Structures are given as structure tokens and as C-alpha cells.
Q: 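Here it is, the structure in full.
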Amino acid sequence: MTITAERSSDASARENLRDLLAKYHCRVHQPSDPPLFSREPKSPMQSHHWKWAELRPLLNAIGQGIDLNADGPRRTLRLASPGLESGTTPTFWASIQVILPGEVAGAHRHSASAFRFVMEGGGANTTVNGESYEMNTGDLVLTPAWAWHDHTYNGSTPMIWLDILDIPLMHVLHATFFESYDSPTQPVSNVPDRSSRRYGSGLMRPTEPSRDEQTLNPLLAYKKQMAEEALHQAEGVVADPVDDVILEYQNPVNGKSALPTLSLRLQKLRPSMRGAKRRNTGCRLYYVVRGKGVTRAGEAEFRWSAGDFIVIAPWNWHSHANLSETEEAVLFQVTDAPTLKALGFYREELEK
Ligand code: 1HN
């Protein structure tokens with residue numbers, strides 16, 4: 001076989017080769033193709049602010065309007081960032097789940113890693129691989145990749161939590177697995193809080209971890225009181241120029257992030273704090289636990305208070321300030337920095 005291309009101009013040579021190459025499932029870059037590289041990240045995603053005052057009625061609407069079937073999808077309100085086709089960032093989705101008294105969100109497992117951070121209410125139980133964890137406001141519960149999980153709730157008022165899953169990353173890698181359990185709930189082990197008993201001190205750990213405990217994070221729940229106390233103790237020691245007093249929920253076996261793809265953090269902006277400006281690859285989502293402040297992101301200025309969410313788009317300059325002179329502001333932060341770091345794509349700059 002001889003293959004020749006008439007070399008008139010580079011553009012027409014490329015065009016002339018198109019059909020021939022296509023027959024063999026090959027191609028050359030065409031002038032009409034979008035550029036492969038840009039000098040720095042150019043994301044269609046925009047930084048965004050969701051206000052609790054606007055989310056609240058929407059959560060009421062899905063609570064009243066959408067039935068929860070134990071074998072169907074969850075009742076969740078997804079935060080859909082402007083500029084993205086779906087989801088909150090290029091690697092993760094943030095949704096707010098509403099569960100009503102007496103409901104069961106049935107057992108299933110997926111290759112996406114996930115966690116819940118409780119926004120409002122308490123008393124629901126999440127069972128993860130047979131271990132049951134009670135969830136109350138401010139608690140964090142992990143469902144690592146491929147862990148069976150179901151939620152049951154017997155309280156008296158609706159409960160609301162934040163769900164984060166690395167779904168877009170799983171999709172782009174074509175690595176989606178999903179399985180429903182054959183009944184709505186899993187049998188619950190008779191050792192309550194097993195992972196917390198083995199790993200929950202954060203300082204002492206089993207001398208002989210099982211193989212499973214070394215592959216994925218063996219600690220499944222982080223209580224509000226523990227996290228707040230740790231943050232309180234850290235105050236005044238060292239602070240981050242942008243995020244002020246900040247601690248990461250860690251995997252107690254290897255000291256890395258709680259989930260392989262996502263870093264979860266709790267931070268405190270002290271009264272009157274004015275942070276420096278930073279930009280980084282990857283995204284950060286902030287949930288305002290309490291306090292009032294302002295976040296500048298690119299050209300935008302977001303004045304936030306408790307219950308609000310803010311997402312920072314890749315490579316957007318951003319900074320935070322606490323607007324109160326007397327009250328601290330506490331934020332829960334999620335970032336996909338571990339994914340970018342693992343792949344060598346992480347960069348950040350601080351404004352000098
Ligand atoms: C999911 O499995 C849960 O298990 C919550 O509670 C939110 C959003 C998209 C896909 C799966 C859950 C979800 C989800």
C-alpha cells in the first residue's frame with residue numbers, strides 16, 4: 001500500500017488526509033480542531049455562590065415533590081456550576097440530600113468514592129459495609145469506593161446532608177461500576193462504630209491492620225465534636241495565608257486525605273481575618289457552617305452566611321474575609337487537589 005498526500009499547504013494536506021486516515025481509525029490534528037494547549041488553564045466553569053435562603057425552598061420542593069423509593073435514585077439537589085454540562089466541578093458532584101422521617105435510601109455500591117457532611121438535623125443512620133454510623137449535624141461519614149451503603153431515618157423532622165461523589169472523574173475514566181443490594185438495607189454488624197473504635201483516636205492505631213484497612217481509608221466516621229476541638233486547638237499556632245486556621249480530615253493509616261481523590265477540611269476564619277489571594281488548578285467547594293464573610297473569586301464578590309456554598313473554578317484568583325469583628329466563621333472545604341497532585345497537575349500561586 002502506498003499513501004501519498006499532495007503537499008500544497010499544510011492545512012489542505014491535513015484536510016486531504018482526513019478521509020484516508022479515518023478509514024484506519026487514525027487522524028492528524030486539523031486546523032479547525034480546538035487548540036490542544038493554552039498557556040494556562042482555561043475553564044468554561046465559573047465560580048459560583050449558592051445562597052441558603054434560595055436553596056432552602058428548593059429543598060422543601062424536592063422533599064414534597066419527589067418520592068424516595070428504596071431501590072431508586074436518591075432525593076438530591078445537585079449544585080450545577082455555570083459553564084459545566086453537569087455537576088459542580090470537573091471531578092466531583094455536590095448534592096444536597098433530603099430524607100424524611102421513616103424513609104430508607106436503599107443499599108447499593110458504586111466505584112465512585114463518596115461522603116456525607118450533615119447540614120441539618122440528626123439521628124439518621126448510614127450503614128457502610130455492615131457498620132452503622134449515626135449522623136448528626138456537623139458529622140462526616142465516608143462511603144469509600146465500592147462500599148455498600150444505605151441510609152435509614154426514624155426521626156421526626158426532615159434531615160439534610162451534603163453528598164459529594166467523584167462521579168465526573170469516574171465517568172471520564174470509563175470506570176463506572178454500580179450494584180444494587182438485594183434488599184433495601186444490609187444486615188448491621190453487632191459491633192457498633194467498629195472503625196471508630198479501631199482508628200477513631202487519630203493517634204493510636206491497630207498494630208495489625210487487615211489488608212482491606214490498608215487499601216481504603218478504614219475510618220468511616222469523623223464526629224463534629226472531634227473536628228471542632230482539633231480546630232480549636234490549632235488556632236493561634238500556624239495559619240494559612242488564604243484559608244486561615246485549617247485542618248484536613250486524614251486517613252489514619254497513611255496520613256493522606258480521607259478519600260484518595262478528595263481532601264476534606266474544616267477551617268476557621270478568625271474575626272476580622274482578611275486572607276491573601278491564591279489561584280490553583282483543581283476546584284474548591286466551601287460550605288459555610290457558621291459566620292458571615294465575603295469571598296472574592298475572579299471578578300465576582302460573594303457575600304455569604306451560614307448554609308451557603310461557594311465553588312471556585314480552576315485557576316480563579318480567590319480570597320476570603322470574615323466580616324465580623326467578634327464572631328469566627330467556620331467553613332467546610334472540599335478540594336480535588338489529591339487527584340491533581342497524584343497526576344502531577346497541581347499548581348498554585350499566591351499573590352505577592
Ligand atoms: C448516591 O449514591 C448517594 O448513596 C447520594 O446517598 C447522592 C448522587 C449521585 C449518584 C449517587 C447516596 C448521589 C448518589
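Counting starts at 1 for both ligands and their atoms, in listed order. Only heavy atoms go into these numbers, but all of them, side chains included; no hydrogens, no water, no symmetry mates. Computed from a predicted model, the values in this text were never measured in an experiment.
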Q: Measure from NZ or CZ of Arg78 to the centre of the six-membered ring of Trp93, then state whether that distance is under 6.0 Å and the direction lies within 45° of the axis.
A: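 The answer is yes; both the distance and angle limits are met.
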
Q: Kindly work out whether a path of hydrophobic side-chain contacts (I/L/V/M/F/W/Y, heavy atoms less than 4.5 Å apart) joins Val188 to Val191.
A: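 No; Val191 is not reachable from Val188 via cluster members.
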
Q: Specify whether Tyr222 and Tyr249 have parallel, tilted or perpendicular ring planes, treating 30° as the upper limit for parallel and 60° as the lower limit for perpendicular.
A: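 Taking Tyr249 first and then Tyr222, their aromatic rings stand perpendicular (interplane angle over 60°).
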
Q: According to a 4.5 Å side-chain heavy-atom criterion applied to Ile, Leu, Val, Met, Phe, Trp and Tyr, with indirect links allowed, do Leu264 and Leu231 form part of one hydrophobic cluster?
A: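 Same cluster.
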
Q: Using the ring of each side chain (for Trp, its six-membered ring), is His108 parallel, tilted or perpendicular to Phe178, with breaks at 30° and 60°?
A: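 Because their plane-to-plane angle is over 60°, the rings of His108 and Phe178 count as perpendicular.
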
Q: How would you list, by chain and number, the residues with a heavy atom under 4.0 angstrom from ligand 1?
A: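 Residues within 4.0 Å of ligand 1: Arg74, Thr76, Trp93, Gln97, His108, His110, Arg116, His149, His151, Asp163, Leu165, Ile167.
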
Q: Are the aromatic ring centres of Phe309 and His48 under 6.0 angstrom apart?
A: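 Distance test on ring centres: not under 6.0 Å, no.
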
